[in-house]
2 protein chains.
Amino acid sequence: MSAEKPRRTRAEQRRETEDRILAAARATFAELGYERTTIRGVASTAGVNAGLVMHYFGSKEELFSRAAMLPEEELPVGHPAEALLTSLRRRLDDEPVASLVVLRSMLTHAEASGEFRVAAAAWLDRVGAAIPAADAELRAGLISAIINGVVLDRYLLKLSSLADAPADDILALLRPCFESLAGESG
Amino acid sequence: MSAEKPRRTRAEQRRETEDRILAAARATFAELGYERTTIRGVASTAGVNAGLVMHYFGSKEELFSRAAMLPEEELPVGHPAEALLTSLRRRLDDEPVASLVVLRSMLTHAEASGEFRVAAAAWLDRVGAAIPAADAELRAGLISAIINGVVLDRYLLKLSSLADAPADDILALLRPCFESLAGESG
DNA sequence: CGGTTCGGTCAACGCCCGTACAATGAATCG
DNA sequence: CGATTCATTGTACGGGCGTTGACCGAACCG
């Protein structure tokens with residue numbers, strides 16, 4: 001008869017609610033971009049009041065920052081071309097949403113994404129360092145452009161030829177490109 | 001001392017003002033995307049009152065439609081790979097703004113851009129028809145993705161390695177990719 | 001010349017947004 | 001137990017937006 005422990009302690013509840021808000025925010029930012037995403041909308045998807053979102057995250061900017069935080073992407077080791085193909089496969093299969101939050105929102109809200117520009121630059125440096133060529137930097141940039149372009153056409157523009165294709169086919173056709181750009185032959 | 005002909009007839013004046021508004025709209029849509037572009041902003045850039053923009057174009061949607069209208073892009077003839085490289089060079093040099101209006105706004109306002117999805121599909125069909133391979137459609141889609149990715153990284157994300165590079169270098173590095181994808185060797 | 005068209009301005013509307021803040025009630029703690 | 005924290009709600013405000021319609025004056029036309 002003594003009072004049972006409440007199924008959820010306050011801390012647990014808090015964490016769960018915050019996670020629900022973040023998940024809703026990620027999905028909405030990815031689908032609508034920064035501008036069209038509203039705090040009320042995110043709150044409603046998460047099943048809470050809009051004021052709560054503000055209370056927890058302070059501002060829309062901050063909510064976006066938290067929602068867009070990505071785990072540090074580690075580059076697979078090995079021949080650069082193979083490593084990059086693996087990296088692309090991950091982005092095609094594993095979690096398109098994570099990529100989309102950043103990509104779409106960098107486009108709709110460039111100022112909010114200064115941090116991600118930095119992350120992208122770091123990624124480029126690492127790739128460039130693995131490419132044995134004088135113009136390694138440009139080659140890395142082009143590989144990044146291809147990856148971004150594929151994600152863009154497949155998930156954002158949803159152009160049919162790419163949206164419907166199996167990831168394997170895409171990777172197979174792209175392999176010669178990556179090898180050429182990664183300077184595998186030299 | 002008879003009344004001189006006014007320097008500009010009403011029709012001329014109208015056309016010039018409309019053009020000025022369209023130019024301002026194109027620049028603003030390309031730079032800010034659909035959502036962040038405001039009619040007041042476009043009007044102010046064009047040096048007119050916001051009401052006039054509404055009066056001439058009816059709505060923001062319609063203004064966007066008119067601003068984003070592109071000349072039908074004709075594909076250069078010849079080996080598909082060379083033709084596509086030429087097409088990319090045009091987009092890199094000639095008029096980045098025109099590409100950007102469509103690209104950026106398709107991303108920020110997908111619904112407004114159904115028409116351009118159609119145009120993109122037609123372009124893909126034409127490219128696909130020129131590629132002698134069973135998976136021509138996918139190959140065309142990948143080429144389109146590469147072109148979009150390069151424009152994206154260079155002009156929208158402004159990633160340094162691509163933004164600073166001469167167009168010639170980009171094309172030189174991309175040539176093997178296009179040849180491989182366009183099935184030149186088969 | 002007088003009436004009409006029409007390029008252009010201005011002020012206002014209703015809406016939705018990000019945000020602020022007071023209120024509430026249940027979990028927590030001494 | 002009473003006091004206090006804190007997750008959560010509801011309400012409200014100020015601002016910017018797309019859009020509207022009344023209005024003005026100069027170009028047009030018979």
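By convention in this document, chain letters (A, B, ...) are assigned in the order of the sequence lines, proteins followed by strands, and residues within each chain are numbered from 1.
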Could you state the OH-C1' distance from A/Y34 to C/dC17, rounded to the nearest angstrom? 12 Å

For a quick check, with a 4.0 angstrom heavy-atom cut-off, what is the B/S/- contact string for nucleotides 4-12 of chain C, read 5' to 3'? -BBSBBB-B

Check: B/A140 main-chain N/O paired with B/S144 side-chain donor or acceptor under 3.5 Å: no

Shortest non-hydrogen contact between B/G141 and A/L162, atoms and distance: O-CD1, 3.8 Å

Between A/S161 and B/L138, what is the shortest heavy-atom contact and its length? O-CD1, 3.6 Å

In Å, rounded to the nearest 0.5 Å, how long is the span from OG of B/S99 to CZ of B/R154? 12.0 Å

Would you say that more than 12 heavy atoms from the other residues, nucleotides or ligands in this model lie under 6.0 Å from the CZ of B/R15, or not? no

Please check if the number of heavy atoms outside B/E31 that lie under 6.0 Å from its CD is greater than 12. no

Once you round it to whole Å, what is the distance between C1' of C/dC16 and NZ of A/K60? 12 Å

Send over the distance from A/F57 CZ to D/dT8 C1', rounded to a whole Å. 14 Å

Is there a side chain to side chain donor-acceptor pair (under 3.5 Å) between B/E62 and B/Y56 once you walk through the steps? CA-CA 10 Å; B/E62 196 118 348; B/Y56 284 173; over 6 Å; no

Rounded to whole angstroms, how far apart are CD on A/E12 and P on D/dT8? 13 Å

Could you state the atom-to-atom distance from CZ of A/R36 to P of D/dC17 in whole Å? 16 Å

Using 30° and 60° as the class boundaries, would you call the ring planes of A/Y34 and A/F29 parallel, tilted or perpendicular? parallel

Taking 4.0 Å as the cut-off, does a side-chain nitrogen or oxygen of B/T9 come that near to OP1 or OP2 on D/dC28? yes

Output the rounded distance in Å from CG (A/D19) to P (D/dA7). 14 Å

Enter the inter-axis angle for the ends of the helix from C/dC1-D/dG30 to C/dG30-D/dC1 (five pairs per end, rounded to 10°). 0°

Can you tell me the distance, in whole Å, between the CD1 atom of A/I39 and the P atom of C/dT19? 5 Å

